[in-house]
Undergrad: 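Submitted below is the structure of interest, expressed as structure tokens.
Remember, it's 1-based here, ligands and their atoms both numbered in the order they're listed.
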Amino acid sequence: MSAPASTTLVVVPTYNEVESLPVLLRRLRAVHPDLPVLVVDDASPDGTGELADQLATADAHLVVLHRAGKEGLGPAYIAGFHWAAEHGYDYVVEMDADGSHQPEQLAALLDAAAPDVLVLGSRWVSGGSTQDWPWHRQLLSRSASWYSRTLLGLGTRDITAGYRVIPVALLEEISLENVESHGYCFQIDVLRRIVAAGHSVVEVPITFVERTAGKSKMDLPIVLEAMRRVTAWGVSSRLGRG
Ligand SMILES: Nc1nc2c(ncn2[C@@H]2O[C@H](COP(=O)(O)OP(=O)(O)O)[C@@H](O)[C@H]2O)c(=O)[nH]1
Ligand SMILES: [Mg+2]
């Protein structure tokens with residue numbers, strides 16, 4: 001079953017994406033002219049939030065959520081998910097602002113959407129790939145997926161994938177208020193909770209394209225948070241299993 005446009009909200013978190021955001025929205029509108037979009041901006045110093053407001057005046061399906069300051073990807077997405085639930089959406093799409101998640105591939109993800117399924121745009125399944133992504137980022141992504149898969153006993157290939165379609169009902173079921181992850185391990189956290197709740201994960205191959213403008217917000221504290229939390233989850237689930 002595919003997710004109908006009227007009940008699907010694309011959530012785009014932004015921090016200092018003033019160059020990338022308008023390009024992304026133009027590309028998205030070329031393929032999905034009426035799909036509702038929520039930009040969640042953490043008071044970007046480069047004026048991304050103000051630019052998004054301007055773009056929203058000319059786009060009836062674009063809304064901007066302004067947050068007080070940079071708190072990380074997790075809290076930005078959680079704010080977006082609450083907004084989606086409050087406004088009656090059935091599905092949310094997670095999409096980066098920097099063009100790495102190609103809007104032209106969204107239709108394939110939406111086609112795989114179903115009420116009890118988490119859909120991931122996956123780099124590390126057959127047919128998936130990356131383009132111009134530095135070798136050290138590929139290594140980090142593959143290692144993080146391997147480490148998380150092994151420790152958490154998950155079958156997913158691309159565990160940190162950030163291009164997703166998630167049923168809002170599943171997000172409500174996994175108690176988002178207990179998700180403490182701030183950085184990119186937020187993605188691992190949501191995935192493991194959805195799997196633990198008995199739902200399935202479908203990986204749709206995508207080509208992840210390196211950004212051509214702006215800077216990555218990935219840094220060492222984000223990597224360390226992920227390692228620390230994944231290790232703790234793995235250890236406690238093993239102890240729990242006795
Ligand atoms: N609102 C918000 N967005 C963020 C934050 N950190 C990263 N992002 C956004 O999350 C997306 C992915 O971040 P990016 O730096 O491209 O990560 P990378 O692709 O792993 O290098 C981009 O759209 C960023 O602007 C944050 O703290 N707050
Ligand atoms: Mg990126």
Undergrad: What part of T14, side chain from CB on, backbone N/CA/C/O, both or neither, has a heavy atom under 4.0 Å from ligand 1?
TA: backbone

Undergrad: Can you tell me which residue and heavy atom of the protein come closest to atom 28 (N) of ligand 1, and the distance to 0.1 Å?
TA: D42 OD2, 2.8 Å

Undergrad: May I ask you to identify the nearest protein heavy atom to atom 15 (O) of ligand 1, giving residue, atom name and distance to one decimal place in Å?
TA: K217 N, 2.6 Å

Undergrad: Any nitrogen or oxygen of D41, main chain or side chain, under 3.5 Å from a nitrogen or oxygen of ligand 1?
TA: no

Undergrad: For ligand 1, which atoms have a heavy atom of E17 less than 4.0 angstrom away?
TA: 22 (C), 23 (O), 24 (C), 25 (O)

Undergrad: On a heavy-atom basis, I'd like to know which of N16, L73, L24 is closest to atom 10 (O) of ligand 1.
TA: L73

Undergrad: Rounded to the nearest 0.5 Å, how far does CG of L120 lie from CG of L191?
TA: 5.5 Å

Undergrad: Counting non-hydrogen protein atoms only, what is the nearest one to atom 11 (C) of ligand 1? Give residue, atom name and distance.
TA: D96 OD1, 3.4 Å

Undergrad: Could you check whether D59 pairs with R29 (Lys NZ or Arg NE/NH1/NH2 to Asp/Glu carboxylate O, under 4.0 Å)?
TA: yes

Undergrad: Ignoring hydrogens and geometry, is there a side-chain-to-backbone donor-acceptor pair from R229 to W233 under 3.5 Å?
TA: no

Undergrad: Give the atoms of ligand 1, by number and element, whose distance to some non-hydrogen atom of R137 is under 4.0 Å.
TA: 18 (P), 20 (O), 21 (O)

Undergrad: Y15 ring centre to K70 NZ or CZ under 6.0 Å, with the angle to the axis within 45°?
TA: yes

Undergrad: Report the residue from L171, I78, L170 that forms a side chain to side chain contact (heavy atoms under 4.5 Å, CB included) with V190.
TA: L171

Undergrad: Under 2.8 Å from the Mg ion (ligand 2), is there an N/O/S atom belonging to D98?
TA: yes

Undergrad: Taking M95 as the fixed residue, which of L106, V11, V37 is the one that meets the side chain to side chain contact (heavy atoms under 4.5 Å, CB included) rule?
TA: L106

Undergrad: Enumerate the atoms of ligand 1 whose separation from the nearest heavy atom of D98 is less than 4.0 angstrom.
TA: 16 (O), 19 (O)

Undergrad: Before signing off on this row, confirm whether Y184 and ligand 1 have an N or O atom pair separated by under 3.5 Å.
TA: yes

Undergrad: Considering only non-hydrogen protein atoms, determine which one is nearest to atom 4 (C) of ligand 1 and report residue, atom name and distance to 0.1 Å.
TA: Y15 CB, 3.9 Å

Undergrad: I'd like to know whether ligand 1 has G72 as a neighbour, heavy-atom separation below 4.0 Å.
TA: yes

Undergrad: Identify the protein heavy atom lying closest to atom 21 (O) of ligand 1, giving its residue, its atom name and the separation to 0.1 Å.
TA: S216 OG, 2.5 Å

Undergrad: Closer than 3.5 angstrom, by distance alone: can the side chain of Y163 be matched with the main-chain N or O of Q102 as a donor-acceptor pair?
TA: yes

Undergrad: Ignoring hydrogens and geometry beyond distance, is a side-chain donor-acceptor pair present between W133 and S100 at under 3.5 Å?
TA: no

Undergrad: Answer with side chain, backbone, both or neither: which part of V40 has a heavy atom less than 4.0 angstrom from an atom of ligand 1?
TA: backbone

Undergrad: Just distances here: any N/O of A97 and N/O of ligand 1 closer than 3.5 Å?
TA: yes

Undergrad: Which ligand 1 atoms, with their elements, are less than 4.0 angstrom from a heavy-atom of A76?
TA: 1 (N), 2 (C)

Undergrad: Would you check if the side chain of S236 reaches a backbone N or O of A232 as a donor-acceptor pair within less than 3.5 Å?
TA: yes

Undergrad: Can you pull out the closest protein heavy atom to atom 6 (N) of ligand 1? Residue, atom name and distance to 0.1 Å, please.
TA: K70 NZ, 3.6 Å

Undergrad: Using the ring of each side chain (for Trp, its six-membered ring), is F208 parallel, tilted or perpendicular to H101, with breaks at 30° and 60°?
TA: perpendicular

Undergrad: Can you check whether G183's main-chain N or O pairs, donor with acceptor, with E225's side chain at less than 3.5 Å?
TA: yes

Undergrad: Give me the nearest non-hydrogen protein atom to atom 9 (C) of ligand 1 as residue plus atom name, then the distance to 0.1 Å.
TA: P13 O, 3.4 Å

Undergrad: Would V195 end up clustered with F186 when hydrophobic side chains under 4.5 Å apart are linked, directly or stepwise?
TA: yes

